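Written out below as structure tokens is the structure these notes cover.
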Amino acid sequence: MASSAASSAPAASLERRLGLGRRGGGMGLGLLGPPADGAGPAPPMPGLLRLRCAVQHYEWGRRGAGSLVARLAAGDAGPGAASDDRPCAELWMGTHPSAPSSLAPDVSLRDWIARNPAALGRAVAARWGGDLPFLFKVLSVAKALSIQAHPDRGLAAALHALRPATYRDANHKPEMAVAVTEFHALCGFAATQELKEVLRTVPEVQELVGKEESRKLLSVKEQDGGIGVRSYLKSAFTKLMVAGEEAVSEAIAKIKSRLNAESKVRALTKKEQLVLSLEKQYPGDVGVLAAYFMNYVKLSPGEALYVGANEPHAYLSGECIECMATSDNVVRAGLTPKYRDVQTLCSMLTYDQTFPEVLRGVPVQPYVTRYTPSTDEFEVDRYLLPSGKSVTMSPVPGPSIFLVMAGEGEIQAGTMPDNTKAKEGDIFFVPAHTEVKLYTSGPRSMQLYRAGVNSRFLS
């Protein structure tokens, strides 16, 4: 679990600082809301709420102190928590039922918002049914995630109705990753010329794709584009992904042997090096070959990648901030021990061959860069606050979640009379219409990230 309120605070002070009211006259933490008998006004909205957030221990995550997720989550448990040998893959900040954030052991953020919809702002509450529309994450990637895509709303609803144990909600899942370290990913399909080169120079792939599908792609003219190319690409990619396990394993073994031999007489391309790396992580997996069909993207710290619905991608290595619509729907087809839904993935993809745009954000005020995707549910701000500096976020008509990534300082929010200490790993929920002031108080710069509803929707 990530950060919680200091246990030494008196109960009344703790309730006040968390924005929690007493329930039934007892001393336990309860939900803020109007008095049970309807007498008197509702308590004022708290300036901010300190969150406890869950870690997901997926097998591909980094371990121990080498995991940013583990270091951020160690705030409660002390330095030794980062030495936990389990893979610490994702830190979830939000209300998704698979790993909801909480204000206290018996008070979830989701329940608190349900009782206090004003915290979302009127427009957000009306549009998204009284729930937080975005899910905020930190990812620490040691080995490749699956070849995957996220369904659009219509497909998400159909998959959830058909297989609710696998597809756990009916929402779409556009997402954006902002690199914290150098970050590598596969995203979208490679251009036609690159695919032609693969079919000409990687006979093992051409054999699995088949002569007819290979001929169609090789005969496409660059200026043709459009539906014809997508149809050929879909046919070829599907043929590869449904190939038998024995044939796939044999093809990968041949590629591995050939590339190892060729590396002694020439420098391998970055894609060839990637294929060998993926083979070590997932021997005999068809996802190793799928990499030949996809764009290989490298992000430097501060650069971002947006992935829309029905676009194939796989995160490969590095650490990032990720924000998405509140969903956990993933259709997988390779590089994973989890359930694979190959036919669904191959049928749902757009087969767009545009190289993904690398987002570098837009300065919105000194020390603050904003990443704004095309979807309404979210945006991300990156704060790089030098020692001794401060910055103010004007009130916005929607909710925010703040994560302190590095450094330490203080936060003053809304009408709170006192500043709140903030250090690495602290996470805060900020209700709508709340002004937030951030101050550094140590010798180091302070790095924070904020997730909020897309400002274009709120304007």
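For clarity, every value in this text was computed on a predicted model and none was experimentally measured.
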* To do: Kindly say whether T269 contributes a backbone atom to a donor-acceptor pair with the side chain of E272 at under 3.5 angstrom?
  => yes

* **Under 3.5 Å side-chain donor-acceptor pair for D111 and S108** => yes

* To do: State plainly whether the residues R50 and D426 are in salt-bridge range, i.e. N to O under 4.0 Å.
  => yes

* Under 3.5 Å: donor-acceptor pair, side chain of H57, backbone of P87 -> yes

* Could you verify whether a donor N or O on one side chain and an acceptor N or O on the other, from D152 and N310, lie under 3.5 Å apart? => yes

* To do: Start with the C-alpha distance between L299 and V358, add both sets of side-chain angles, then the distance that settles side chain to side chain contact (heavy atoms under 4.5 Å, CB included), and finish with yes or no.
  => CA-CA 8 Å; L299 301 179; V358 175; 3.8 Å; yes

* Asked: Taking side chain as C-beta onward, heavy atoms only, is V141 less than 4.5 Å from E319?
  -> no

* To do: Take L135 and W92, measure what side chain to side chain contact (heavy atoms under 4.5 Å, CB included) needs, and give me the verdict at the end.
  => CA-CA 7 Å; L135 177 59; W92 285 33; 4.0 Å; yes

* Asked: Is a donor on one side and an acceptor on the other found under 3.5 Å between the side chain of S277 and the backbone of Q273?
  -> no

* Is the charged tip of K143 near the ring of Y282: under 6.0 Å from the six-membered ring centre and within 45° of its axis? -> yes

* To do: Only pairs at least two apart or in different chains count here, so list each side chain to side chain donor-acceptor pair (under 3.5 Å) that has a residue in residues 296-305.
  => H184-Y296, E303-R360

* **Test item: F293 and L195 side chains (from C-beta on) under 4.5 Å apart, heavy atoms** => yes

* Check each of D169, D131, D328 against H96 using the side-chain hydrogen bond (donor to acceptor under 3.5 Å, both in side chains) test, and report the only one that passes. => D169

* Establish, yes or no, whether a centroid distance under 6.0 Å links the rings of F457 and W128. => yes

* To do: For this output row, return yes or no: ring centroids of Y315 and F183 closer than 6.0 angstrom.
  => yes

* Starting from the C-alpha separation in whole Å, work towards a yes-or-no answer on side chain to side chain contact (heavy atoms under 4.5 Å, CB included) for L359 and L305. => CA-CA 6 Å; L359 306 175; L305 181 68; over 6 Å; no

* To do: Measure from the side-chain N and O atoms of K271 to the backbone N and O of A291, and report whether any donor-acceptor pair falls under 3.5 Å.
  => yes

* Asked: Do side-chain atoms of N329 reach the backbone of N171 as a donor and acceptor pair under 3.5 angstrom?
  -> yes

* Asked: Are any side-chain N or O atoms of S101 and backbone N or O atoms of C53, one a donor and one an acceptor, separated by less than 3.5 Å?
  -> no

* To do: Look at the rings of F237 and Y351 and say which category their plane angle falls in: under 30° parallel, 30 to 60° tilted, over 60° perpendicular.
  => perpendicular

* For E322 and K173, run salt bridge (charged side-chain N to carboxylate O under 4.0 Å, His left out): C-alpha distance rounded to whole Å, both residues' side-chain angles, the deciding distance at 0.1 Å, then the answer. => CA-CA 12 Å; E322 190 179 37; K173 191 187 174 187; 5.9 Å; no

* How about E379 and S455: does a side-chain donor come under 3.5 Å of a side-chain acceptor? -> yes

* Do L103 and V107 have side chains that get closer than 4.5 Å, going by heavy atoms? -> yes

* Asked: Any side-chain heavy atom of P373 sitting closer than 4.5 Å to one from N454?
  -> yes

* Asked: More than 12 foreign heavy atoms under 6.0 Å from NZ of K256: is that the case here?
  -> no

* For V430, does its backbone N or O pair with a side-chain atom of S400 as donor and acceptor, under 3.5 Å? -> no

* Where the side chain of E408 meets the backbone of T440, is there a donor-acceptor pair that is under 3.5 Å apart? -> no

* Answer with yes or no whether the side chains of T420 and E410 bring together a donor and an acceptor at under 3.5 Å. => no

* Asked: Any chance the side chains of T369 and R382 put a donor and an acceptor closer than 3.5 Å?
  -> no

* Asked: Just by distance, do the side chain of T434 and the backbone of P395 share a donor-acceptor pair under 3.5 Å?
  -> no

* Asked: V202 and R258: side chain to side chain contact (heavy atoms under 4.5 Å, CB included), yes or no, with the steps?
  -> CA-CA 10 Å; V202 189; R258 178 170 56 79; 3.8 Å; yes

* **Distance (rounded to the nearest 0.5 Å) between L278 CG and L316 CG** => 6.0 Å

* Asked: Quick one: side chain to side chain contact (heavy atoms under 4.5 Å, CB included) partners of K389, sequence neighbours excluded?
  -> Y367, L385, P386

* Asked: Between the main-chain N or O of A65 and the side-chain N or O of R71, is there a donor-acceptor pair closer than 3.5 Å?
  -> yes

* Could you note down all residue pairs passing ring pair (Phe, Tyr, Trp, His ring centres under 6.0 Å) where residues 138-162 supplies at least one of them, sequence neighbours left out? => H150-H313

* Pick one: which of Q56, E90, E175 meets side-chain hydrogen bond (donor to acceptor under 3.5 Å, both in side chains) with K137? -> E90

* Asked: How about R168: does its CZ atom have over 12 heavy atoms from other parts shown lying under 6.0 Å from it?
  -> no

* To do: Evaluate whether atom NZ of K338 has more than 12 neighbouring non-hydrogen atoms of other residues, nucleotides or ligands under 6.0 angstrom away.
  => yes

